[in-house]
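Below is one structure; the comments refer to it alone.
Side chains are part of it too, since the values below use all heavy atoms of this structure and drop only hydrogens, waters and symmetry mates.
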Amino acid sequence: MTTPPSPEAISIGVDVGGTKIATGVLRGDELHDRHVQPTPETGWEAVLDAIAAQVRALQERHPDARLVGVGVPGPLNSDRTRVKFAPNIYGFTDVPLVDGLRERLGQRIVLENDAKAAALAEAHLGAARGAESSIYVTVSTGIGAGIVLNGRIWRGRHGIAGELGHITVMPGGPVSGAGLDGALEAVASGTAIARDASYALNRDVSTPEAFELAQQGHPGARRVVQQAMKHIGVALADLQKVIDPEVFVIGGGVASVGDYFFLGVQKAADEYAQGFAPVTIRRAQLGPDAGVIGAALAARHG
């Protein structure tokens, strides 16, 4: 069973995204002093300066918050000190984030992938609280995941465990941002849904509009979103057979569609896991705070 954080535990979480940097102080299991600012667009040095400035400001108001965790999109190196690349943040390639922030702040920094941080947050304080094992899946611009076993992130031998968006589900299909044909996020992410719906309707269609039209019975939009939901459900069924987690938690912008999305994914997961094990899917509970909370928890867990 996942052990809840100690009520005495105090840490700072930083969630770095393509458009905003969110920070906050986690005292026990309560988030305080949340702050959001735009992500600088002039390169990684400016991003690190912005992070350091906000951490200093928080520590002035919360001098007992000395643990700092930072969540960043994109793959990290094996010892989690550098960001290999974050495609949605300008100039964020091979960034020595831990060393750079340590130079600016003079203290230990824990770096984590943003999806893994959110997985940690949902496991300890969200929809998977109390479960011994869980897999968090975010379906948004891309698709990411984090695997939590006995309260800790499972990284695998090379640190890449959880790269669900890059599994191949349609060989020869659309090419993903990582250059792989038929990857899950190339056929089922928010980006893929908007792309396919725009083609099917012969005009620009956003992901929320595609789901709205599908629920209204538009045949083209319905086919597009049902295919995406089926791909995700099949992927979860496969993970159930391989890892057999107690629960899946799904979050991200696409999941905010609500019942229609979750029912579609559950139906496909049940169909393709039939005869093996039930697939339990829950909605993420922490919303936009998951990244900050998860980064703060990562600071405690090291």
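- Between the side chain of Arg223 and the main chain of His218, no donor-acceptor pair closer than 3.5 Å is present.
- Within a 6.0 Å radius of OH in Tyr90, other residues, nucleotides and ligands contribute 12 heavy atoms or fewer.
- With a 6.0 Å radius and a threshold of 12 heavy atoms from other residues, nucleotides or ligands, Asp79 has its CG atom above the threshold.
- A donor-acceptor pair under 3.5 Å is formed between the side chain of Asn113 and the backbone N or O of Gly74.
- With a 4.5 Å cut-off on side-chain heavy atoms, Val110 and Val70 do not count as touching.
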> Under the side chain to side chain contact (heavy atoms under 4.5 Å, CB included) criterion, do Asp33 and Leu58 qualify, and how do the steps go?
Replying inline: CA-CA 8 Å; Asp33 213 348; Leu58 286 174; 3.7 Å; yes
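- Taken from CD1 in Ile135 to CG in Leu164, the straight-line distance is 8.0 Å, to the nearest 0.5 Å.
- The environment of Gln274 atom CD is sparse: at most 12 non-hydrogen atoms of other residues, nucleotides or ligands sit within 6.0 angstrom.
- Judged by distance alone, with hydrogens and angles left aside, the side-chain atoms of Thr42 form no donor-acceptor pair with the main-chain N or O of Ala46 at under 3.5 Å.
- Although no hydrogens or angles enter the test, the distance criterion places no donor-acceptor pair under 3.5 Å between the side chain of Ser134 and the main chain of Phe248.
- For residues 154-172, the pairs satisfying side chain to side chain donor-acceptor pair (under 3.5 Å) are Glu112-Arg155, with sequence neighbours left out.
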>> One pair to check against salt bridge (charged side-chain N to carboxylate O under 4.0 Å, His left out): Arg102 and Asp99. What are the steps and the verdict?
In response: CA-CA 5 Å; Arg102 191 161 48 206; Asp99 287 345; 2.4 Å; yes
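- A salt bridge between Arg129 and Asp29 is present, with a side-chain N of the basic residue lying under 4.0 Å from a carboxylate O of the acidic one.
- Annotation for Val224 and Ala200: closest pair CG2-CB, 4.2 Å, computed over non-hydrogen atoms.
- One finds the CD atom of Glu246 at 11.5 Å from the CG atom of Leu149 (value rounded to the nearest 0.5 Å).
- Considering CD1 of Ile51 and CH2 of Trp44, their distance stands at 11.0 Å, rounded to 0.5 Å.
- A distance of 10.0 Å separates CG in Asp238 from CG in Leu184, rounded to the nearest 0.5 Å.
- With Lys116 contributing its side chain and Ala161 its backbone, the two residues share a donor-acceptor pair below 3.5 Å.
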>> I'd like to know whether Gln107 forms a side chain to side chain donor-acceptor pair (under 3.5 Å) with Gln59, so could you lay out the CA-CA distance, the side-chain angles of the two residues, the decisive distance to 0.1 Å, and finally the verdict.
In response: CA-CA 12 Å; Gln107 63 187 93; Gln59 290 180 331; 3.2 Å; yes
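- The line from OG1 of Thr280 to CG of Leu236 is 11.0 Å long, rounded to the nearest 0.5 Å.
- Leu201 and Val257 are assigned to two separate hydrophobic clusters, defined by single-linkage of ILVMFWY side chains at heavy-atom distances under 4.5 Å.
- Of the possible polar contacts, one joining the Arg300 side chain to the Ala9 backbone as a donor-acceptor pair under 3.5 Å is found.
- Contact detail for Ala237 and Val279: the closest heavy-atom pair is CA-CG2, 4.4 Å.
- Within 6.0 Å of atom NZ in Lys241, more than 12 heavy atoms from other residues, nucleotides or ligands are found, so the atom counts as buried in its surroundings.
- Heavy-atom minimum distance, Arg80 versus Val98: O-CG2, 3.6 Å.
- With salt bridges taken as basic N to acidic carboxylate O contacts below 4.0 Å, one links Asp64 and Arg27.
- By the 4.0 Å N-to-carboxylate-O rule, Asp289 lies close enough to Arg34 to be salt-bridged with it.
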>> With side chain to side chain donor-acceptor pair (under 3.5 Å) as the criterion, how do Gln240 and Asp244 come out once you've worked through the C-alpha distance, each side chain's angles and the decisive distance to 0.1 Å?
In response: CA-CA 4 Å; Gln240 191 74 53; Asp244 197 22; 2.9 Å; yes
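- The two residues Gly13 and Ala295 come nearest to each other via the heavy atoms CA-CB, 3.9 Å.
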>> side chain to side chain contact (heavy atoms under 4.5 Å, CB included), that's the test. Do Arg104 and Arg56 meet it? Break it down for me.
In response: CA-CA 10 Å; Arg104 288 165 171 80; Arg56 290 192 202 97; 4.0 Å; yes
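- Side-chain atoms of Arg152 come within 3.5 Å of backbone atoms of His301 as a donor-acceptor pair (strictly under, hydrogens ignored).
- Residue Gly142 comes nearest to Glu185 through the heavy atom pair CA-OE1, 3.6 Å, listed as atom of the first residue, atom of the second, then distance.
- For Gln285, the side-chain contact (heavy atoms from CB on, under 4.5 Å) partners at least two apart in sequence or on another chain are Glu122, Ala127.
- Ile21 CD1 to His35 NE2: the interatomic distance, rounded to the nearest 0.5 Å, is 9.0 Å.
- Nearest heavy-atom pair, Gly251 versus Ala284, reported as atom, atom and distance to 0.1 Å: CA-CB, 3.8 Å.
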> Please walk me through it: do Thr23 and Asp15 pass side chain to side chain contact (heavy atoms under 4.5 Å, CB included)?
Replying inline: CA-CA 6 Å; Thr23 55; Asp15 182 24; over 6 Å; no
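- Panel note: side chain Ser189, backbone Ala186; no donor-acceptor pair is recorded below 3.5 Å.
- Between the side chain of His124 and the main chain of Gly151, a donor-acceptor pair closer than 3.5 Å is present.
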In residues 204-214, what donor-acceptor pairs under 3.5 Å come from side-chain atoms, sequence neighbours left out?
residue : atom : partner : partner atom : Å
Ser206  : OG   : Glu209  : N            : 3.2
Thr207  : OG1  : Gly190  : O            : 2.7
Glu209  : OE2  : Arg203  : NH1          : 3.1
Glu209  : OE2  : Arg203  : NH2          : 2.8

